[in-house]
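Read the structure below first, then the notes.
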Number of protein chains: 2
Amino acid sequence: MAGQHTLDETERQVQARLGDLKIDFEAMAVTSNLFRAANAVRNYLERTVLAEHDLSWTAFVVLWVVWIWEPVESRVIAEEGGFSKATLTGVMQTLEGRGLITRTRSSKDGRLVLVKLTAKGRKMMKQLFPEFNKGERLALADLKRSDLGSFADLLRAVTLTVDAQKTN
Amino acid sequence: MAGQHTLDETERQVQARLGDLKIDFEAMAVTSNLFRAANAVRNYLERTVLAEHDLSWTAFVVLWVVWIWEPVESRVIAEEGGFSKATLTGVMQTLEGRGLITRTRSSKDGRLVLVKLTAKGRKMMKQLFPEFNKGERLALADLKRSDLGSFADLLRAVTLTVDAQKTN
DNA sequence: GATTAATCGTTCGGGTACGAACAGTTTTAA
DNA sequence: TTAAAACTGTTCGTACCCGAACGATTAATC
């Protein structure tokens, strides 16, 4: 991936199609590379670590959130994972069918559903997460260690900015 | 989104579940925030700019690549966009049905398919891309201008690292 | 306390998204 | 120059993924 065309070529082509319209090429480069990177890492981890456990990316994220915060409400999982409630329902049905999680309606608030891992789910995560983390480390192996902190901060800032837009 | 739990809390919970197993929390924070950011930006742009034109994210990426590089082979679109050929086929069928692109088999190499925009497709992109770029700018509005360059470089480095892993 | 509003999870419909298997084309080897 | 290998795009099956609409529950308003 990473594109066979250089950034300069791309800018020239865009400008040629838009005349002298002002375009923010730096913003374009950031978002474009943001998705390339996210896609690349996701596909890589899905094909390697997660495939061995027959898990999709989203299924893993759900398991991870529940593993850390159980018992946890559905809405929290969706929020932490960054996907919709509709998506979550489907994924949790799959995971429940495989005996990895349980769902129970809250007795305090009949609207809420509380999610926990089963013993099987916990056992899987205890083995899987270290493998997953090793994959994460490999995906970032060529970056300078000292850059990781500010890198994470920049990414966090993007999420915060967009979420602020959303509520307006 | 952005999670209601702090990073420290999360690290403590992970460590509590794994004993003294070594985990790379910096790598974990980067990938976690990478996906949160990508998801947030994507959902934001889909709900605002792209929804007005009834386009999905992937459909937009396809149109963008074709717009810049037409005539372009299918395999290049998949590579540039970072998704599979199977995904691309479905999206292009939708776009062709809406009269935004055309597909023709190459006369030089019967395996290849050349993709172009229709006049309608070009007209749409000429209006849509500036709107999209404005959305990108808003998503990055809170970041320091001087950070954008190195931010893009870090993201590019991740993609390159993962792609290098892939071929091994 | 009854009506209204807000919240939560599910369902529904349509559009991605992938790997694997496939058919057609081109290239490479023998 | 055949046979084998490599490559491209499509189809297939399964699983996501979302917004919108929905029923159930709780909270707010009067």
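In what follows, chains carry the letters A, B, and so on, assigned in the order in which the sequence lines appear, proteins first and then strands, with residues in each chain numbered from 1.
A salt bridge links A/Glu46 to A/Arg42: one of the charged nitrogens lies within less than 4.0 Å of a carboxylate oxygen. The pair B/Asp163-A/Arg36 fails the salt-bridge criterion, with no side-chain N (NZ, NE, NH1 or NH2) lying under 4.0 Å from an Asp/Glu carboxylate O.
Nucleic acid contact class of B/Thr89 (heavy atoms, under 4.0 Å, all strands): base. Looking at heavy-atom distances under 4.0 Å, A/Gly90 makes no contact with the nucleic acid at all.
For A/Arg12, there are no side chain to side chain donor-acceptor pair (under 3.5 Å) partners two or more places apart in sequence or in a different chain. Legend: residues meeting ring-ring contact (aromatic ring centres under 6.0 Å, His included) with A/Phe132, ordered by chain and number and at least two apart, are A/Trp57, A/Phe60. Legend: residues meeting side chain to side chain donor-acceptor pair (under 3.5 Å) with A/Thr102, ordered by chain and number and at least two apart, are absent. Applying the side chain to side chain donor-acceptor pair (under 3.5 Å) criterion to B/Arg98, with sequence neighbours excluded, gives no partner residue.
Applying the salt bridge (charged side-chain N to carboxylate O under 4.0 Å, His left out) test to every pair with at least one member in residues 113-140 of chain B, sequence neighbours left out, gives these pairs: B/Glu70-B/Arg122.
Going from atom OH of A/Tyr44 over to atom C1' of C/dC18 covers 18 Å, rounded to whole Å. One atom, CG of B/Leu45, and another, P of D/dC18, lie 15 Å apart when rounded to the nearest Å. In this entry the distance linking CH2 of A/Trp57 with P of C/dG19 reads 15 Å, nearest Å. Look at CZ on B/Arg42: it is 16 Å from P on D/dC16, rounded to the nearest Å. Look at CD on A/Glu46: it is 13 Å from P on C/dA20, rounded to the nearest Å. Taking atom CZ of A/Arg105 as the reference point, atom C1' of D/dG23 lies 11 Å away to the nearest angstrom. With rounding to whole Å, A/Leu50 atom CG is found 16 Å from D/dA15 atom P. In this structure, A/Phe60 atom CZ and D/dC16 atom P are separated by 15 Å, rounded to whole Å.
Nearest nucleotide to the side chain of A/Ser84, out of C/dG19, D/dC18, C/dC18: D/dC18. Comparing D/dC16, C/dT16, C/dG19 against the side chain of B/Ala86 picks out C/dG19 as the nearest.
Nearest-nucleotide positions on DNA chain C for B/Gly110 and B/Ser56 put B/Ser56 closer to the 5' end.
At least one side-chain nitrogen or oxygen of A/Gln93 sits closer than 4.0 Å to the OP1 or OP2 atom of C/dT11. Side-chain nitrogen and oxygen atoms of A/Thr87 include at least one within less than 4.0 Å of the OP1 or OP2 phosphate oxygen of D/dC18.
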Polar-atom pairs under 3.5 Å, protein N or O versus N or O of nucleotides 4-8 of chain D: list them with distances, or write none.
unit_1, atom_1, unit_2, atom_2, d
D/dT8, OP1, B/Arg75, NH1, 2.1
D/dT8, O3', B/Arg111, O, 3.4

Between protein and nucleic acid, restricted to nucleotides 1-3 of chain D and to nitrogen or oxygen atoms under 3.5 Å apart, what atom pairs and distances do you find?
none

For residues 85-95 of chain A, dump all side-chain donor-acceptor pairs below 3.5 Å to protein atoms at least two apart in sequence or in another chain.
unit_1, atom_1, unit_2, atom_2, d
A/Thr87, OG1, A/Ser84, OG, 3.0
A/Thr89, OG1, A/Lys85, O, 3.2
A/Thr94, OG1, A/Gly90, O, 3.3

For residues 146-155 of chain A, which side-chain donor-acceptor pairs fall under 3.5 Å, sequence neighbours excluded?
unit_1, atom_1, unit_2, atom_2, d
A/Ser150, OG, A/Asp147, O, 3.1
A/Asp153, OD1, A/Arg156, NH2, 2.8

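In the hydrophobic clustering of ILVMFWY residues, with side-chain heavy atoms under 4.5 Å counting as a link, B/Val14 and A/Trp69 come out together.
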